[in-house]
Amino acid sequence: MGMNKNTVLGWATFIMVLMGLLLIGLGIFRYSDVSGWGFAAVGVGFLANAWVFNALKGRV
């Protein structure tokens, strides 16, 4: 049984949410100087992309 487009988008959404939260966590807890802002900003970008992927499920 293969994966269809919605399954692929679901997994991509899950992985991007996981990476986004990991990067935000690194920015908050590991790097408390200016580089932490960069990690958190990239993490928010990952969450925004995951939101778009989730919105595309069922439409592609």
Side-chain angles (χ1 to χ4, degrees):
M1 176 154 173
M3 295 193 325
N4 59 9
K5 294 177 203 173
N6 288 331
T7 307
V8 171
L9 283 173
W11 277 107
T13 302
F14 175 71
I15 291 169
M16 290 191 81
V17 165
L18 196 66
M19 285 301 297
L21 293 176
L22 178 78
L23 287 169
I24 291 172
L26 275 173
I28 292 172
F29 296 114
R30 176 69 172 99
Y31 299 106
S32 59
D33 52 349
V34 177
S35 62
W37 287 97
F39 275 98
V42 171
V44 170
F46 266 87
L47 291 180
N49 270 342
W51 184 19
V52 170
F53 279 1
N54 191 29
L56 285 176
K57 282 194 317 188
R59 299 186 193 279
V60 176

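In the hydrophobic clustering of ILVMFWY residues, with side-chain heavy atoms under 4.5 Å counting as a link, Ile24 and Phe29 come out together. The hydrophobic cluster containing Phe46 also contains Leu56, counting ILVMFWY residues as joined when their side-chain heavy atoms lie under 4.5 angstrom apart, directly or transitively. Cluster membership for Val44 and Trp37, using ILVMFWY side-chain heavy atoms within less than 4.5 angstrom, is not shared. No continuous path of ILVMFWY side-chain contacts below 4.5 Å connects Trp51 to Leu21, so the two sit in separate hydrophobic clusters. Cluster membership check: Val17 does not share its hydrophobic cluster with Phe53, using side-chain heavy-atom separations under 4.5 Å among Ile, Leu, Val, Met, Phe, Trp and Tyr.
Met16 approaches Ala50 most closely through the heavy-atom pair CB-CB, 3.8 Å.
For the side-chain contact (heavy atoms from CB on, under 4.5 Å) test with Asn54, the passing option among Thr13, Leu9, Asn49 is Thr13; the others fail.
For the pair Phe39 and Arg30, the minimum side-chain heavy-atom distance is 4.5 Å or more.
Here the straight-line distance linking atom CG of Leu47 with atom CG of Leu18 works out to 10.5 Å at 0.5 Å rounding.
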